[in-house]
Amino acid sequence: MRIASYNVNGVVNRLPQLCAWLDVTQPDVVCLQELKCTTAAFPRRELKALGYEALVHGQATWNGVAILVRGAVPLETRRGLPLAKGEPADTQSRYLEAAVNGIVVACLYLPNGNPWPGPKFDYKLAWFKRLNRHAASLIKTGHPLVLAGDFNVVPTDADIYSTASWKDNALLQPEPRAAWRALLKQGWTDALKQQFPDKTPYTFWSYLRNRWPRDAGLRIDHVLLSPPVSKRMMEAGVDKALRGIEGASDHAPLWVELAD
DNA sequence: ATGACATAGTGTCTATGA
């Protein structure tokens, strides 16, 4: 079974590229981020024509996440992260969770937190804390789990071409990196790092400053596996070529192949 | 190398992304 994650940067505008990729790679489960459309505007019919059922948590203009499953309807287990006592409701559509073929799959789009410092960075850290709290409760169940999405954190300086232009960027700050390490310490396996421990591939290349042709990338999209799923991992990778096609998203999809 | 790009809606400009 193949589970993929792809920040599409606008699912309506990106539909031709998304469909071409689905058609070629045929993932069984796909976590999409940055839909930038309402749940009603999501292109269900076009994806259904390719054999995919969709669970959608949309929002006008910004954010938005969805889970696609080939040939089956995903069973929703959660929409939005649980709130701590007194915490205000989250109006941003960034978390969706579903049961698929015996695995609970969480699709997430963590806030980018720029500019740093500031209220958006504070929101990022609060969101990350909420995610870690929920992830801890999930992994404690021992159930097969996958957390996939755009975490908006570059885990280490080895996960970026150069830190020079990014020193003041929210993606590289010590606090989100510490939150990332705390999350992994719960027992999650970083699938891409597991597959490529020395040179872990990038998943994002900015549109600006010729960064794609220069391979000036960042690793900010991640797939995390709980222990029972980690045991089943056969392979993981990044479909890097999709970043180079006409009208590409600034992210490339990543995926993990699991034994049945 | 803080953007020379790309996105969607409020729309020929603004806010946002990372």
Side-chain angles (χ1 to χ4, degrees), chain A residues 5-19 21 31-43 56-66 90-95 107-128 131 148-177 179-180 192 200-222 238 240 242-254:
Chain A
S5 177
Y6 183 27
N7 180 323
V8 286
N9 187 12
V11 73
V12 173
N13 181 271
R14 201 79 54 214
L15 196 59
Q17 292 85 352
L18 172 62
C19 288
W21 170 71
C31 295
L32 296 175
Q33 303 88 35
E34 279 210 79
L35 304 180
K36 294 186 173 179
C37 74
T38 60
T39 302
F42 188 84
V56 183
H57 185 26
Q59 175 185 337
T61 317
W62 309 118
N63 313 314
V65 286
D90 196 348
T91 56
Q92 304 187 17
S93 301
R94 296 180 175 276
Y95 186 90
C107 174
L108 64 102
Y109 175 47
L110 214 134
N112 84 38
N114 282 301
W116 170 83
K120 291 191 175 179
F121 186 71
D122 298 340
Y123 173 68
K124 173 182 196 156
L125 295 183
W127 204 97
F128 216 147
L131 172 67
D150 180 353
F151 285 70
N152 270 317
V153 60
V154 175
T156 71
D157 288 354
D159 297 301
I160 183 168
Y161 66 101
S162 159
T163 58
S165 322
W166 302 84
K167 286 222 183 301
D168 295 334
N169 194 288
L171 307 190
L172 276 72
Q173 295 313 305
E175 295 93 337
R177 283 180 163 179
W180 169 256
L192 212 53
T200 320
Y202 304 138
T203 63
F204 167 85
W205 297 259
S206 170
Y207 292 122
L208 294 157
R209 303 206 168 193
N210 218 28
R211 284 193 171 118
W212 165 248
R214 298 194 287 128
D215 195 28
L218 287 69
R219 188 167 79 98
I220 53 176
D221 302 271
H222 307 294
V238 173
K240 188 176 173 181
L242 205 63
R243 178 60 182 83
I245 66 171
E246 174 135 22
S249 164
D250 40 8
H251 296 249
L254 71 160

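A, B, ... follow the sequence lines: proteins, then strands. Residue 1 opens every chain. These numbers were taken from a predicted model, which means no experiment stands behind them. Below, all heavy atoms of this structure are taken into account, side chains as well, without hydrogens, waters or symmetry copies.
Across B/dT7, B/dG17, B/dG3, the shortest atom-to-atom separation from the side chain of A/Asn112 is found for B/dG17. The nucleotide whose nearest atom lies closest to any side-chain atom of A/Arg209 is, among B/dG3, B/dT7, B/dG9, B/dG3. Checked against B/dA1, B/dT7, B/dA6, the side chain of A/Ala164 finds its nearest nucleotide in B/dA1. Counting only heavy atoms from C-beta on, A/Leu208 has its side chain closest to B/dG3 among B/dA18, B/dG3, B/dT7. Residue A/Lys120 has its side chain nearest to B/dT16 when only B/dA4, B/dT16, B/dA18 are considered.
Looking at A/Trp205, A/Phe204, A/Tyr202, A/Tyr161 one by one, the single match for ring pair (Phe, Tyr, Trp, His ring centres under 6.0 Å) with A/Trp212 turns out to be A/Trp205.
When heavy atoms are screened at a 4.0 angstrom cut-off, A/Asn152 is found touching the sugar-phosphate backbone but no base atom. Residue-level contact check: A/Asp150 touches the backbone only, with heavy atoms under 4.0 Å from sugar-phosphate atoms and none from bases. Using a 4.0 Å heavy-atom criterion, one finds that A/Asn169 contacts the bases of the nucleic acid, with or without backbone contacts as well.
A distance of about 23 Å separates the P atoms of B/dG11 and B/dA6, rounded to the whole Å. Only the P atoms considered, B/dT10 is 14 Å distant from B/dA15, to the nearest whole Å. Nucleotides B/dA1 and B/dG17 place their P atoms 24 Å apart, quoted to the nearest Å. Taking the C1' atoms as reference points, B/dT12 lies 16 Å from B/dT7, given to the whole Å.
Residue A/Tyr109 has a polar side-chain atom (N or O) positioned under 4.0 Å from OP1 or OP2 of B/dA18. The side chain of A/Asn7 contributes an N or O atom lying less than 4.0 Å from OP1 or OP2 of B/dA18. Between A/Arg211 and B/dA4 there is no side-chain polar atom (N or O) within less than 4.0 angstrom of OP1 or OP2.
Closest approach of A/Asn114 to A/Asp168, counting heavy atoms only: OD1-O, 4.4 Å. The two residues A/Ile220 and A/Thr203 make their nearest non-hydrogen contact at N-OG1, 3.2 Å.
Across all strands shown, B/dT10 forms no Watson-Crick or G-U wobble pair with both distances under 3.5 Å. Taking a pair to require two hydrogen-bonding distances under 3.5 Å in either a Watson-Crick or a G-U wobble arrangement, B/dA4 remains unpaired.
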Which side-chain N or O atoms in residues 115-123 of chain A pair as donor and acceptor under 3.5 Å with protein atoms at least two apart or in another chain?
{"residue": "A/Tyr123", "atom": "OH", "partner": "A/Asp90", "partner atom": "OD1", "Å": "2.8"}
{"residue": "A/Tyr123", "atom": "OH", "partner": "A/Asp90", "partner atom": "OD2", "Å": "3.2"}

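Taking the syn range as angles within 90° of 0, the glycosidic angle of B/dT12 is syn.
Defined by atom type and a distance below 3.5 Å, a donor-acceptor pair is missing between the side-chain atoms of A/Lys124 and A/Asn112.
Atom pair A/Asn114:CG and B/dC5:P shows a separation of 19 Å (rounding to whole Å applied).
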